[in-house]
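Quick note on labels: first sequence line is chain A, next is B, and so on, each numbered from 1. Side-chain atoms are counted along with the backbone in the values below, which use heavy atoms only and exclude waters and symmetry mates.
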Amino acid sequence: MLDIKFIRSNPDEVTAAMKKRGMDLDLSEFLSLDENRRKILSEVEQLKSKRNSVSKEIGIMKKNGENADQLVQEMGEVGEKIKELDEQVKNIDTRLKDIILTIPNIPHESLPVGGESDYRVERTWGEPTKFAFDPQAHWDIGEKLGILDFERATKVTGARFTFYRGLGARLERAVISLMLDIHTSENGYEELIPPYMANKDSMTGTGQLPKFAEDMFKLEGLDYYLIPTAEVPVTNYYRDEILNEKDLPIKHCAFSPCFRSEAGSYGRDTRGIIRQHQFHKVELVKFANPENSFEELEKLTNDAEKVLQRLNLPYRVITLATGDIGFSSAKTYDIEVWLPSFKTYREISSCSNFLDFQARRANIRYRDKQGKVQFVHTLNGSGLAVGRTVAAILENYQQADGSVIVPEALRPFMGVDVIK
RNA sequence: GGAGAGAUGGCCGAGUGGCCGAAGGCGCUCCCCUGCUAAGGGAGUAUACGAGAGAUCGUAUCAUGGGUUCAAAUCCCAUUCUCUCCGCCA
């Protein structure tokens, strides 16, 4: 969330920023509530101050055996008034919080202004794969090889689920291992295996709640949600904690299944493993010093790219435009891998700097050299989405006979050179 | 699931109605002494919100939320979490 003091003193800047996101934000209710709150607050605090000092007097009088009935009665009345005003403040606080929790982050000035198609291409790596034959889509390749089974998954669970079978399952596992090995051994991230469910506070901390409840799976009768990304448990790992400046940046990677209801995306990517209710992802999360969080974003993106380079998969990196970044993000790079069947680059990683937006929600702070406590900056990125990586491998490495060559980097994990 | 115990500052830990934002210790910061891979002495050391140009002042916070009271870390209720024992279980 944004700093309430910042909103109070720069309301026009905030509305202008939201405009860039394509959002009309009316702050008038917020501002008047905020002003009203401060008015009532100072009134009730004066009353409390009075009650505190008089109560002290009463204590002394009673000890001396004097009669304090008059003061006791007065303070009884003051207490009633305090209760009433406290209630008002509480109601206003609730409303203010409701509002501020639904205001997204301010897009960074380096972003192109615009919508989904106004991204900026930063760099491309490799060339789109060329074929001497008509390349198939990964779902056809997978089904023919008997390594992906969509039909039975539909029977067992429902739409947008998949069974991986045999070398398909092994390929998924190999990709996971390769990614984790790169990030832990080479890129210096400490691995975590997080819970796959998280509570409401955690979901609020990273920004999934209160606004995006319908995108998640919630457990019946509990305040637990299936995580849509390991970002949630890993970022909230340090919720309500004060970190040491000398430990920054803290870097974690985590493999986890991710669960998304994909509400509102009914027509899109209905075939294959691009958009599933459950998928695997290796996530990178950083807790950084505000001074250099944008440098850390560059590094994090490079760390994710490394996996595609190792797999020799062509990709490009784009900077999302102001209207296309996520709710909590100030700046996002998408890494897009080449998918021959789509004849286009498709998102395989999203790397974002959230500045102090999540840290303020989740109350993650650090103590600086002067001993002052400040919010950290949080960042995260996929390193990478596993299912989409498998899809990219199947499509880019497919052969005319329907077999798929195993990328060199995966062979130690696969035990075979070709899937056929 | 049953029974019991507990939750206090960065950490440990005292505190059963007023003089407690909270003893003492550890850690950390600064100063002094000493002088070298010891030690000793002194001072300081929570966060949030509000008011103020500022020094500063006020309010709140002893797991969370309610309640009792003129006054709550302290009493009552609910919730959450932790620990111990029993049961069940991969």
Checking all strands, does A/Lys372 fall into the base, sugar-phosphate, or nothing category for heavy-atom contacts under 4.0 angstrom? nothing

Side chain of A/Ser49, heavy atoms from C-beta onward: which of B/rC70, B/rG50, B/rU59 has the nearest atom to it? B/rU59

Expressed in angstrom and rounded to an integer, what is the separation of A/Arg360 atom CZ from B/rA48 atom C1'? 13 Å

Heavy-atom nearest nucleotide on RNA chain B for A/Asp34 versus A/Tyr224: which residue maps closer to 5'? A/Asp34

Rounded to the nearest Å, what distance is computed from the CD atom of residue A/Glu241 to the P atom of nucleotide B/rG9? 13 Å

Tell me yes or no: between the side chains of A/Gln136 and A/Ser341, is some donor less than 3.5 Å from an acceptor? no

Could you identify the nucleotide paired to B/rC70, looking across every strand shown and requiring Watson-Crick or G-U wobble geometry with both distances under 3.5 Å? B/rG18

Between A/Ser350 and A/Asp334, is any side-chain donor less than 3.5 angstrom from a side-chain acceptor? yes

Please report the distance, rounded to the nearest Å, between NZ in A/Lys39 and P in B/rG58. 24 Å

Using 4.0 Å as the upper bound for N to carboxylate O, is an ion pair formed by A/Glu241 and A/Arg365? no

Around atom CD of A/Glu291, are there more than 12 heavy atoms from other residues, nucleotides or ligands closer than 6.0 Å? no

A/Phe217 ring center near A/Tyr225 ring center (under 6.0 Å): no

Go ahead and name the base partner of B/rC30; Watson-Crick or wobble counts if both distances stay under 3.5 Å, otherwise write none. B/rG42

Whole Å only: how far is the CG atom of A/Asp240 from the P atom of B/rU61? 18 Å

Is there a side-chain contact between A/Ser42 and the phosphate of B/rA51, meaning an N or O under 4.0 Å from OP1 or OP2? no

Distance check, C1' atoms only: B/rU74 and B/rG35, in whole angstrom units. 50 Å

Sort out the partner of B/rG35 for me: Watson-Crick or G-U wobble, both distances under 3.5 Å, none otherwise. none

P atoms of B/rU8 and B/rC62, separation to the nearest Å: 12 Å

Would you say a side-chain N or O of A/Asn52 is under 4.0 Å from OP1 or OP2 of B/rA60? yes

Check this one for me: any side-chain N or O of A/Arg38 less than 4.0 Å away from OP1 or OP2 of B/rA51? yes

Sugar-phosphate, base or nothing in reach of A/Arg8, heavy atoms under 4.0 Å: sugar-phosphate

Could you check A/Ile40, A/Thr94, A/Asn36 and say which one makes a side-chain contact (heavy atoms from CB on, under 4.5 Å) with A/Val89? A/Ile40

Please report, rounded to the nearest Å, how far the P atom of B/rC49 is from the CG atom of A/Asn363. 10 Å

Using a cut-off of less than 4.0 Å, is there contact between a side-chain N or O of A/Lys83 and OP1 or OP2 of B/rU68? yes

Rounded to whole angstrom, note down the C1' distance from B/rC70 over to B/rC81. 35 Å

Considering only side-chain heavy atoms of A/Arg367, which listed nucleotide, B/rC19, B/rC70, B/rU47, is closest? B/rU47

Side-chain N or O of A/Lys56 less than 4.0 angstrom from OP1 or OP2 on B/rG17? no

Say you pick atom C1' in B/rA73 and the same atom in B/rA46; how far apart are they, in whole Å? 16 Å

Given B/rG50, B/rC70, B/rU47, which nucleotide is nearest the side-chain atoms of A/Met75? B/rC70

For B/rC57, which nucleotide is its Watson-Crick or G-U wobble mate, given both distances must be under 3.5 Å? B/rG50

Between B/rA71 and B/rG2, how many Å separate the two C1' atoms, rounded to a whole number? 40 Å

Euclidean distance for C1', B/rG44 against B/rG52 (whole angstrom): 25 Å

What does A/Val373 touch in the nucleic acid at a heavy-atom separation under 4.0 angstrom: a base, only the sugar-phosphate, or nothing? sugar-phosphate

Report the residue (A/Lys48 or A/Ile60) whose heavy-atom-nearest nucleotide on RNA chain B is the more 5′ of the two. A/Ile60

Under a 3.5 Å cut-off for both distances, is B/rC83 Watson-Crick or wobble paired, and to whom? B/rG4

NA contact type, A/Leu71, heavy-atom cut-off 4.0 Å: base, sugar-phosphate, or nothing? nothing

Presence of donor-acceptor pair under 3.5 Å, side chain of A/Lys5 and base of B/rC49: no

When the distance from CG of A/Asp93 to P of B/rU59 is rounded to whole Å, what number comes out? 18 Å

P atom, B/rU59 versus B/rA22: distance in rounded Å? 13 Å

Tell me: CZ of A/Arg365 to P of B/rG9, nearest whole Å? 13 Å

Might you confirm whether atom CZ of A/Arg120 has over 12 heavy atoms from other residues, nucleotides or ligands at distances under 6.0 Å? yes

To the nearest Å, how far apart are A/Leu85 CG and B/rG50 P? 17 Å

Pair partner, B/rU64 [Watson-Crick or wobble, under 3.5 Å]: B/rA78

Quiz question: going by heavy-atom distance under 3.5 Å, is there a donor-acceptor pair between the base of B/rG50 and the side chain of A/Glu45? no

Tested for side-chain contact (heavy atoms from CB on, under 4.5 Å) against A/Leu284, the lone hit among A/Asn187, A/Val234, A/Asp303, A/Thr301 is A/Asp303

For atom P, what is the distance between B/rA51 and B/rU69, given to the nearest Å? 33 Å

